[in-house]
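In what follows, a single structure is set out as structure tokens and then discussed.
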Amino acid sequence: MLSPGEQPRSQPLSTRQLVWSFLVLLILAAVWFVQRRNIEEYRRYFMIDNPSVTFAFTDLSEEWSEKTLRERFPGVPVSCHPYQGPLPVDRACALDVRSHNGVPTLFIAFFFSKGYLDHVSVNVPSWHHSRAYKNLVGTQGPADDSQFLPYAGVRLHGWRLADGAGLFLNRDSPFNPLSWNAIYWQSASACAKAGCFKSEAPRNPF
């Protein structure tokens, strides 16, 4: 039996081990910095028990306003703010939800132009792509068009809605597990301007 003075001591880390530890910490810090918004969305998805919502995409209308959201989704927190991104809109509202029409959902973004609904994005966790697609096919039928080649790095399935609006879903699951799928509704007016279905495959509305 070893005496107290003879207890084995842990070996100090070698220079190589220190370098590798530093590199791992550096990579983790870089991932957090680049993906911090995505990480926060998934943290909220797993840690907060948000409500579920239901609405058909055919119910969406350019007549919807911010007031409409609060009336149609009582009890669901609605956060609205000025929008300064690439879309031709001036306001955006976010709903943190658990699911939409039974499909797991991180959040739903509603975009308004001059007070009227112009775009909607239902954002689905990366691993639920097939569930989102099956739900759309079940409610809308087979996609009217699908992009064979990517546009801006994304291929889309597209559905033409009866009122002239367009509905889209990324055809491929995101490579980044911290990213998400988007079911994307574009109003009839927006589609008339952008030409959602000018060719055999829908144009990328993003």
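Here the structure is a predicted model, which means the values were calculated and not measured. We count residues from 1, following the sequence as given.
We find the OG-CH2 distance between Ser173 and Trp127 to be 12.0 Å, quoted to the nearest 0.5 Å. Rounding to the nearest 0.5 Å places CH2 of Trp159 at 10.5 Å from CG of Asp145. Taking CD from Gln140 and OG1 from Thr58, the interatomic distance works out to 6.0 Å, rounded to the nearest 0.5 Å. The structure places CD of Gln186 at 11.0 Å from CG of Leu161, a figure rounded to the nearest 0.5 Å. Note that the CH2 atom of Trp185 and the CG atom of Leu167 stand 10.0 Å from one another [nearest 0.5 Å]. The distance from atom OG of Ser113 to atom CZ of Arg91, rounded to the nearest 0.5 Å, is 12.5 Å.
Side-chain contact check for Asn170 and Asn181: at least one donor-acceptor pair (N or O, by modelled atom type) lies under 3.5 Å. Side chain to side chain, Ser187 and Asp118 meet the donor-acceptor criterion of an N or O pair below 3.5 Å.
For an aromatic pair to be called close, the ring centres must be under 6.0 Å apart, and Phe55 with His100 satisfies this.
Without hydrogens or angle criteria, Tyr83 side chain to Leu87 main chain gives a donor-acceptor distance under 3.5 Å.
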Practice task
Begin from the C-alpha positions of Leu95 and Phe107 and carry the test side chain to side chain contact (heavy atoms under 4.5 Å, CB included) through to its verdict.
Solution key: CA-CA 6 Å; Leu95 275 69; Phe107 65 98; over 6 Å; no

Problem - Working for side chain to side chain contact (heavy atoms under 4.5 Å, CB included), residues Ser146 and Arg155 - result: CA-CA 7 Å; Ser146 294; Arg155 300 192 306 168; over 6 Å; no

Practice task
Report the C-alpha separation of Arg72 and Trp64 in whole Å, then their side-chain angles, then the decisive distance to 0.1 Å, and conclude whether the side chain to side chain contact (heavy atoms under 4.5 Å, CB included) test is met.
Solution key: CA-CA 10 Å; Arg72 291 187 66 102; Trp64 281 31; 3.2 Å; yes

Practice task
Begin from the C-alpha positions of Arg44 and Asp96 and carry the test salt bridge (charged side-chain N to carboxylate O under 4.0 Å, His left out) through to its verdict.
Solution key: CA-CA 9 Å; Arg44 293 175 62 83; Asp96 289 323; 2.6 Å; yes

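Note: the hydrophobic cluster containing Phe73 does not contain Tyr45 (ILVMFWY, side chain heavy atoms under 4.5 Å, direct or indirect links). Cluster membership for Val122 and Leu156, using ILVMFWY side-chain heavy atoms within less than 4.5 angstrom, is not shared. No path of Ile, Leu, Val, Met, Phe, Trp and Tyr side chains, each step under 4.5 Å between heavy atoms, connects Val124 with Phe46, placing them in separate hydrophobic clusters.
Contact check for Ser179 versus Ser126: no side-chain heavy atoms found under the 4.5 Å cut-off. Side-chain atoms of Pro125 and Leu106, non-hydrogen and from C-beta on, do get closer than 4.5 Å to each other. Two residues are said to be in side-chain contact when any heavy atoms from C-beta on lie closer than 4.5 Å; Arg70 and Cys80 meet this criterion. Here the side chains of Val78 and Glu66 are not in contact, with every heavy-atom distance at 4.5 Å or above. Counting heavy atoms from C-beta on, the side chains of Val120 and Ile108 come closer than 4.5 Å. The side-chain heavy atoms of Val53 and Arg98, taken from C-beta on, include no pair separated by under 4.5 Å. Between Leu60 and Leu117, the closest side-chain pair of non-hydrogen atoms falls below 4.5 Å. Contact check for Tyr116 versus Glu63: side-chain heavy atoms found under the 4.5 Å cut-off.
When the shell of 6.0 Å around CD of Gln84 is examined, it contains 12 or fewer heavy atoms from other residues, nucleotides or ligands.
Taking each heavy atom of Cys93 and Leu69 in turn, the nearest pair found is CB-CD1, 3.7 Å. The minimum heavy-atom distance between Gln147 and Arg171, with the atom names listed, is O-NH1, 2.5 Å. Ser99 and Ser52 get closest at one heavy-atom pair: OG-OG, 2.9 Å. Contact record, Leu169 with Ala132: CD2-C, 4.3 Å, taken as the closest heavy-atom pair. Nearest heavy-atom pair across Gly164 and Cys191 is O-CB, 3.7 Å. Looking at every heavy atom in both residues, Phe112 comes nearest to Val89 through O-CB, 3.2 Å.
Using cut-offs of 30° and 60° for the angle between ring planes, the Tyr184 and Phe168 rings count as tilted.
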